[in-house]
Each structure stands twice: as C-alpha cells, then as structure tokens.
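To start, the structure under review is shown below, and the notes come after it.
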Amino acid sequence: MPVDMKNIISEKFVSMASSKSIDKITVKALIEECDISRQTFYYHFKDIMDVIEWSVNKKMEDTLLKSLKAQKPEEAIEIFILSAAQNKDLIQKLLNSQRREHVEMAFMRATRTYLSEMLKKKCPEMQINYSDMEVALDFWACGIAGLMFKYCGRGVEETKILASQICRILLGQIGIFK
C-alpha cells in the first residue's frame, strides 16, 4: 500500500502544534520531524499554511462523510460542531497565531465546501438560482465558522443546543424578519 505522505506531514504538524506554538513550526522543523527531504515536503505542500489548509479540508471531508449518515439536519450540524469541539485546542492555537487571518479564511472556505456538499447530497431537489446559492453559502459559512470559533470549547449539551439553533437559522425558523 502506498504511503500517504500528505497525511503523514499533516499528522506530524498537528502533533507538533500540540506542544509548541504554531508560529514556531517551520518547514525545516517539520521535515526533520517527518524524517523526509525538503524536496518531498515541497512536492506535497507549498508552505506551512498549505499544510494547515489541507489539514482543515481533510478534517472537513471526514466530518462530511459522518454528517451524511445523519438522519436529521440537527444531527448533521451537531457532528460538524462536535468535530470543532474535539479539535478546540488546535483551533485556538491556530487562531492565536500570526496566521489568524489565513486560518479564518481556510475555515470559512472549508465550511462553505462542507455546506455545499451537504446540500448537494441531502437536498438535490432544492430550487435556488446560482447567484442566490453563492451568497447564501458565503453568508452561512462566515456565520457558522464564526460561531465555531466562539463556541467550540463548550460542553456537549451546549453543542446540541447550538446545533439546533444553527439548523433553525438555516431552515429560516429563526430570523429577524417574518
């Protein structure tokens, strides 16, 4: 079976991040930890931010697969939020780094992709024009990513409440204008 070097580099980055500042993790330190050449690293990634973004996207893909098995929208959103809660320490470290702006954008893009894929799989009959869908996805992704940053460290019961609230917002059941 071929070695999945991207996963190895990503996992080593996450491991290093648990014990040191994100800003202190360099390509040199990461390749030494992975016991790979600089050429191997650059074959798979452009830089450390590329590793972070790939890791976030990979986690979102895994979360999407779990979410698709959910029977109710609340359960799917809860799986998404629980994933963030389980990775709260890493998320906080990423947000506290000098790369915060890039990290926020990576999370919003990954959240948008997650929502888009969920809609395609769970609501294939949905009728909405492309422009409206693009704005809705951007709006939801920014809001949900922001809520994850704010609430990802909360307990399981609060996660269920937050998932229910987000789901009701997405379904138009909570709104300012009625």
Side-chain angles (χ1 to χ4, degrees), residues 4 6-22 25 45 48-97 99-124 126 133-175:
D4 185 354
K6 280 191 142 184
N7 251 338
I8 291 169
I9 294 169
S10 172
E11 288 172 6
K12 199 56 84 168
F13 173 83
V14 170
S15 173
M16 291 173 72
S18 69
S19 62
K20 76 193 296 189
S21 166
I22 301 291
I25 300 174
F45 297 105
I48 293 293
M49 194 59 222
D50 197 25
V51 175
I52 292 170
E53 191 155 347
W54 187 87
S55 301
V56 168
N57 289 335
K58 180 76 170 118
K59 189 64 180 167
M60 288 292 192
E61 287 172 20
D62 296 344
T63 302
L64 175 64
L65 292 175
K66 290 177 189 170
S67 294
L68 288 172
K69 295 176 185 170
Q71 298 300 312
K72 297 178 183 175
E74 293 91 356
E75 292 170 2
I77 297 294
E78 186 177 338
I79 290 167
F80 183 77
I81 294 169
L82 281 172
S83 176
Q86 291 165 350
N87 294 285
K88 70 179 181 181
D89 293 336
L90 178 61
I91 292 170
Q92 286 303 315
K93 281 189 161 209
L94 289 167
L95 291 174
N96 291 333
S97 76
R99 295 178 169 92
R100 181 184 181 107
E101 185 177 333
H102 296 290
V103 168
E104 287 176 344
M105 292 305 295
F107 270 94
M108 282 187 270
R109 281 190 301 272
T111 302
R112 187 185 194 287
T113 300
Y114 169 85
L115 291 168
S116 177
E117 290 301 313
M118 279 297 280
L119 287 171
K120 285 178 193 170
K121 302 280 197 265
K122 292 283 191 175
C123 306
M126 186 169 48
M133 178 58 80
E134 290 296 298
V135 169
L137 286 170
D138 285 342
F139 181 79
W140 295 333
C142 289
I144 291 173
L147 289 171
M148 280 190 335
F149 297 150
K150 183 173 181 177
Y151 294 110
C152 72
R154 304 284 171 100
V156 172
E157 196 54 42
E158 288 185 51
T159 299
K160 288 178 185 278
I161 293 167
L162 181 60
S164 173
Q165 290 168 322
I166 289 172
C167 193
R168 288 184 291 154
I169 290 169
L170 293 173
L171 295 171
Q173 296 169 349
I174 295 178

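Every value quoted in this text rests on a predicted model; they were computed, and no experiment measured them.
A pairwise comparison of heavy atoms in I91 and A84 identifies CD1-O, 3.5 Å as the closest pair. Nearest heavy-atom pair, S83 versus T63, reported as atom, atom and distance to 0.1 Å: OG-OG1, 3.1 Å. Across every non-hydrogen atom of F149 and E104, the tightest pair is CE1-CG, 3.8 Å. Taking both residues in full, the closest heavy atoms of C167 and E74 are given as SG-N, 3.7 Å, listed atom of the first, atom of the second, then distance. Listed here is the closest heavy atom pair of A110 and N57: CB-OD1, 3.4 Å. In terms of heavy atoms, R99 sits closest to I52 at CD-CD1, 4.0 Å.
Counting only distance, with no hydrogens or angles, the side chain of E75 and the backbone of Q71 share a donor-acceptor pair below 3.5 Å. The closest donor-acceptor contact from the side chain of T111 to the backbone of F107 lies under 3.5 Å. Of the possible polar contacts, none joining the K122 side chain to the A76 backbone as a donor-acceptor pair under 3.5 Å is found. The closest donor-acceptor contact from the side chain of S116 to the backbone of T113 lies at 3.5 Å or more, if one exists at all. Under the 3.5 Å distance criterion, the side-chain polar atoms of R112 are left unmatched by any main-chain donor or acceptor of L137. At least one donor-acceptor pair closer than 3.5 Å links the side chain of K93 to the backbone N or O of A17.
Taking 4.5 Å as the limit, some side-chain heavy atom of I22 sits within range of a side-chain heavy atom of L90. The shortest side-chain heavy-atom distance between I144 and L170 falls under the 4.5 Å cut-off. A heavy-atom distance below 4.5 Å is found between the side chains of I166 and I81. Using a 4.5 Å heavy-atom threshold, the side chains of Y114 and E61 count as separate. Contact of the S164 side chain with the R168 side chain is registered, since non-hydrogen atoms from C-beta on lie closer than 4.5 Å. At least one side-chain heavy atom of I48 sits less than 4.5 Å from a side-chain heavy atom of F13.
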Go through K58 and N7 one step at a time and tell me if the side-chain contact (heavy atoms from CB on, under 4.5 Å) criterion holds. CA-CA 9 Å; K58 180 76 170 118; N7 251 338; 3.8 Å; yes

Worked verdict on I169 versus Q173 for side-chain contact (heavy atoms from CB on, under 4.5 Å): CA-CA 6 Å; I169 290 169; Q173 296 169 349; over 6 Å; no

Using the rule given for side-chain contact (heavy atoms from CB on, under 4.5 Å), can you reason through E117 versus L68, listing the C-alpha separation, both sets of side-chain angles and the distance that settles it, and then say yes or no? CA-CA 9 Å; E117 290 301 313; L68 288 172; over 6 Å; no

Should E78 and L162 be marked as a side-chain contact (heavy atoms from CB on, under 4.5 Å) after you check the CA-CA gap, both sets of side-chain angles, and the distance that decides it? CA-CA 8 Å; E78 186 177 338; L162 181 60; over 6 Å; no

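With sequence neighbours left out, E11 forms a side-chain hydrogen bond (donor to acceptor under 3.5 Å, both in side chains) with no residue at all. E53 pairs by the side-chain hydrogen bond (donor to acceptor under 3.5 Å, both in side chains) definition with R109, not counting sequence neighbours.
Look at D62 and K66 and you find no salt bridge, because none of the NZ, NE, NH1 or NH2 atoms lies under 4.0 Å from a carboxylate O.
A distance of 6.0 Å separates CZ in F45 from OG in S55, rounded to the nearest 0.5 Å. Interatomic distance, CD1 of I79 versus OG1 of T159, reported as 12.5 Å (0.5 Å rounding). Atoms CG and NZ, from L95 and K88 in turn, are 14.0 Å apart once rounded to the nearest 0.5 Å. Summarising the geometry, atom CG belonging to D89 is positioned 8.0 Å from atom CD belonging to Q92; distances are rounded to the nearest 0.5 Å. Taken to the nearest 0.5 Å, the CE atom of M148 stands 10.0 Å off from the CE atom of M108. Summarising the geometry, atom CG belonging to L65 is positioned 13.0 Å from atom CE belonging to M60; distances are rounded to the nearest 0.5 Å.
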